[in-house]
Asker: 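Got a structure for you, written out below as structure tokens; questions coming shortly.
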Amino acid sequence: MKKKLFAVLLAVLLVSTCLFAQSVYEVKHEEPSALPEAGAVVNGFKVVEVRDFDMLGAKIYQFEHIKTKATVLYIANEDTNRFFDIAFRTPAEEDTGVPHVFEHSTLSGSEKYPSKELSFNLRYQTYNTYMNATTYPTFTIYPVGSLSEDQLLALADFYTDSVLHPMVLEDKSIFDTEAWRYVLKNPDDDLTIAGTVYSEMRGAYNRKIKAERNFLGVLFLGSRAGNEYGGNPDRIPDLQWDDLKVYHAKYYHPSNTLSIIYGKLERWSEFLGLLDSYFSAYDYMEMDLRDYGYLPRNGSVTSEFDYPAEAGSDTTYAATVKYGFICGDADIETMNVVSAICDLAQDGSSVLMENLYDAMPYGNFTCSKDFSGPELVIEFTADNVRPEDDALFRSIVDSSMAQIAAEGFDPEAVDTFAASEMIDALLIGDRTDKGVSVMSNITNYWAGTGELYGFLDYLDSSSSYRSWNEDGTFKDVITRYVVYNPCWALVTTKSVAGLQEEKDAALASRLAEIKASMSSEEIEAIVAATNNPPETNPDTAAMVRKLQVVGVESLPEEYRTYDIEDTTGADGIRRLWAKTDVTDVGYAGIMLDASGLRQDQIHYFKLWTSLIGELDTTSHTRAELSNLRSRYHYDGAVKISVLEDKVSGEMTPRLRFSFTALDEDMSRAFDLMHELLFDNIYDADRIRDKVSNIRIALRQSLSRADQILPLYRAFSTAEESNAYWNYASYIDYYYFIESISELLETEPETVVSALKEIADYFNNSTNGIILFAGNRESRDNFMKIADAFMASLENRPIVRQEYDLNVADSSEAIILENNINYNVIFAPSSVLGYERASGDMTALSAIVQDMYLMPELRDRRGAYGAYIYVEDEGIYSYTYRDPNIADSYAVYDGLADFMENIRIDQETLNGYILATYSRLAIGSGELSGASDALANAVRHEDQTVVLDKMRSLKTMKAESFAQTYGPLFRKLVDNYRYYTTGNASAISKVADSFSTVLDPFGGR
Ligand SMILES: [Zn+2]
């Protein structure tokens, strides 16, 4: 069941900077002072409305700028992870990605802050918890967060100047870096294209994203909704610098903004003053956001599109079908009813989902609303189906929705929804990113529907689900907008093997033609631009200093640690309780020892965990189980956990089952867990369907695994626990799934009995661990129930098995169906000569990223990102969506020289210390922090590690920097293992540099 407050908007395009998960531990303070009444005037703004926002314990003050009518909301509550954002409505007029290129370009320097590097520098060198920007279909948002109000105010000035007066309007080189440019290292090379957004979209663009554009383009004929707001990589090179200037003048105007300030702010009126100082220079502008090309349709339409795939790829289940209805005259209340219908219809227990999965067990199905186009849409999606399934899909949606229109939703499913909303509300304080999440959601409704409080109304509507189901509202809306709605579109987007090569060849010949038409001067100019680094702004350091408000000396040494009770009873069961400050609810987990499984059972173990909840049990059908799991296992997870004990160094694989539940539901939650683990009916047909589903999904995720697959292959070479995880989860597991797909055809009973063996194996409490986070009262209730669960299991000795697992070679190139590459290096700490990564090493990675990797790999060579981490396990670095391979390794090879020759003064170093410190200090939410602390306690990891890191950060000295870290990086460069993924043609050019070339899906 989805969590409404954190409903992530749509399939989102990635952002200009790749951020960490962030959060803050709440500290209680008194009320902010002297907040205004409606009608008051403050710093050029008048207060239009004051309203409550109970779920966040907040009041919302709505201001309107008197001169430009710009809207500002102040969401005032006690949250100390404070945020500011400014957002603009930014329709995608073309497919060239203007809004997205702008999102990148605005944070590349401004009138007041004329430096391209500044925004990344600030992210790494100020006391912030969040700095980012994101493009959505109808708006672009620029949010920033800090634990310090003063720091937030300074960064708000940087953000506001950047969006209103960006340097890109004067400086074309920013456009070249962020959008696209021609690349030629030598005059004789083939001409290619690079650019941050270009690389990003080459990596991000996939069939699902394209299918959404195809669908909206067909449904809303002539509308902008069919344009790719992130930029279709085929079209990005059509974008010109002048297009950006025109776009900025049209949309980046105060009258087109919504700004939000959030959290516990004493100086809220100064934020208004700051905005007024920028906005006052403008006059009010009537915004024209009409979608002129749109031709509303009266009837229905069916259409089909091809999507390029590589030759030889399996395209059997490689279509995305979208079926949707225009709800032309729906008002805001109806929109909330439609949202509710989508929530309930796409729950696993609904008639619709049951019928779809029965008919197409290989597919994935969703139901959602979309208001990014000119009218509201109810949209049903089938992914990973056969292209010829479109008619079947449509007929099942029609008949199932007609059935729901006649009978209503199952009242139990509606109750379940209400219950999970209640846990959401109880845990709201646990979310530390709530400020930025709420800001984005409010802005989404404002930009998409014109309703400033549309998101709040949507949140409130949860309480109406029961009555809407009982009084016939759901039935009426479904009847009107689905069953008898003549305005629909059925749009299929299918992968076609071999099209990718055709497309690549067409691009190559187009570029060859362009090059042939160039004069030698033009070619020389491109070579020079390619080989000469963009100059850096010498004054950036001074600007950073000016914007650093919090100093190292004033950093508070605060970090949330938990009292953990860790006892092992006479029954051999280990019980861990993290005492937390929540009421009526707790995090529950059990771990069962898997170290007695034979090596040939590891993949069956993994498969078995994937089947949990997907099979009928002796008491319930799958659909019923889906409802029960939503009801009783909030955030439920069943997975393999492989932890290495920090004291003994021993690796133990375990089964981990965890969830969050209300105290009053704990007993039923455990009964349900018992049923899911031990009462399954292993029906061979059902398993065959599920395995086929897993096979498709796994291949897809491995093909687009980003850096994860090469990273885990790298890690597998150093640590037993990672070797286990790599073996259980990735390529070896895929081969296993392929082999049992065949086995299920010929001798299904072999697979069935192997799975039953796994279930029987885990009916054993030996070495069992019970985990709980909650208050004392909840704990007392919980432990009785958990003890009874463990006592109900058998108690057999476990004979620990020795494993001989496949591990990766010391360098590997892995061929995948990617349009873009990922380049990984890794050296274990044992090779590098340290045991624990201290706090200074965390700042070290920020420095290397900010001063060396990003400028070299992102700014100069067109990779979307480049990251480095110094951990207990070792040092690893990877490029993200990288157009290059060999070049990137040359940059990695320069790491040692960079570090040996680095010149850094204490002031600059302090900046890095601040940013790193702030991200350590913020911790997690109360309950999620406690569950992390429990996981660490299981492996005897000390909670004070973070505090030690914070302390060691403060002791870093600039004068000894190069001597301290130079040798470490020399060792890294001399010893790293390296792993690359890319498509066949990219890998073929560099194959000789790798000891192994893997082609996991080749010819399959
Ligand atoms: Zn981006």
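Quick caveat: nothing in here was measured; it's all calculated off a predicted structure. Sequence positions, counted from 1, serve as the residue numbers for this chain.
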Asker: Only counting residues at least two apart or in another chain, list the ones meeting side-chain hydrogen bond (donor to acceptor under 3.5 Å, both in side chains) with Gln801.
Answerer: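 With neighbours one apart ignored, the set is empty.
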Asker: Quick one: which residue pairs count as a salt bridge (charged side-chain N to carboxylate O under 4.0 Å, His left out) with a foot in residues 830-849, not counting sequence neighbours?
Answerer: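 Found Arg836-Asp872, Arg836-Glu941.
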Asker: Residues in side-chain hydrogen bond (donor to acceptor under 3.5 Å, both in side chains) with Asp787, at least two apart?
Answerer: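 Here the qualifying residues are Arg575.
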Asker: Please list all pairs meeting ring-ring contact (aromatic ring centres under 6.0 Å, His included) that have one or both residues in residues 579-601, counting only residues at least two apart or in different chains.
Answerer: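 Qualifying pairs: none.
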Asker: Using ring pair (Phe, Tyr, Trp, His ring centres under 6.0 Å) as the criterion, list what pairs up with Phe789, not counting sequence neighbours.
Answerer: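 With neighbours one apart ignored, the set is Phe670, His674.
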Asker: How would you list, by chain and number, every residue that makes a side chain to side chain contact (heavy atoms under 4.5 Å, CB included) with Ala827, sequence neighbours excluded?
Answerer: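 Counting only residues at least two positions away or on another chain, Ala827 forms a side chain to side chain contact (heavy atoms under 4.5 Å, CB included) with Leu832, Leu972.
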Asker: Quick one: list whatever passes side chain to side chain contact (heavy atoms under 4.5 Å, CB included) with Ser829, sequence neighbours left out.
Answerer: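 Side chain to side chain contact (heavy atoms under 4.5 Å, CB included) list for Ser829, sorted by chain: Tyr834.
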Asker: Among residues at least two apart in sequence or on other chains, which ones pass side chain to side chain contact (heavy atoms under 4.5 Å, CB included) with Asp645?
Answerer: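 For Asp645 the side chain to side chain contact (heavy atoms under 4.5 Å, CB included) partners, ignoring immediate neighbours, are Val647, Ser648, His940.
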Asker: Does Phe762 have any ring pair (Phe, Tyr, Trp, His ring centres under 6.0 Å) partners at least two apart in sequence or in another chain, and if so, which?
Answerer: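 Phe762 satisfies ring pair (Phe, Tyr, Trp, His ring centres under 6.0 Å) with Phe605, Trp608 once adjacent residues are dropped.
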Asker: With sequence neighbours left out, what residues match Asn806 under side-chain hydrogen bond (donor to acceptor under 3.5 Å, both in side chains)?
Answerer: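 Checked Asn806 against side-chain hydrogen bond (donor to acceptor under 3.5 Å, both in side chains); matches are Asp732.
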Asker: Mind checking what makes side chain to side chain contact (heavy atoms under 4.5 Å, CB included) contact with Asp850, not counting sequence neighbours?
Answerer: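 By the side chain to side chain contact (heavy atoms under 4.5 Å, CB included) rule, Asp850 matches Phe120, Asn121, Tyr124, Gln125, Tyr912.
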Asker: Which residues pass the side-chain hydrogen bond (donor to acceptor under 3.5 Å, both in side chains) test with Tyr976, sequence neighbours left out?
Answerer: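 With neighbours one apart ignored, the set is Asp893.
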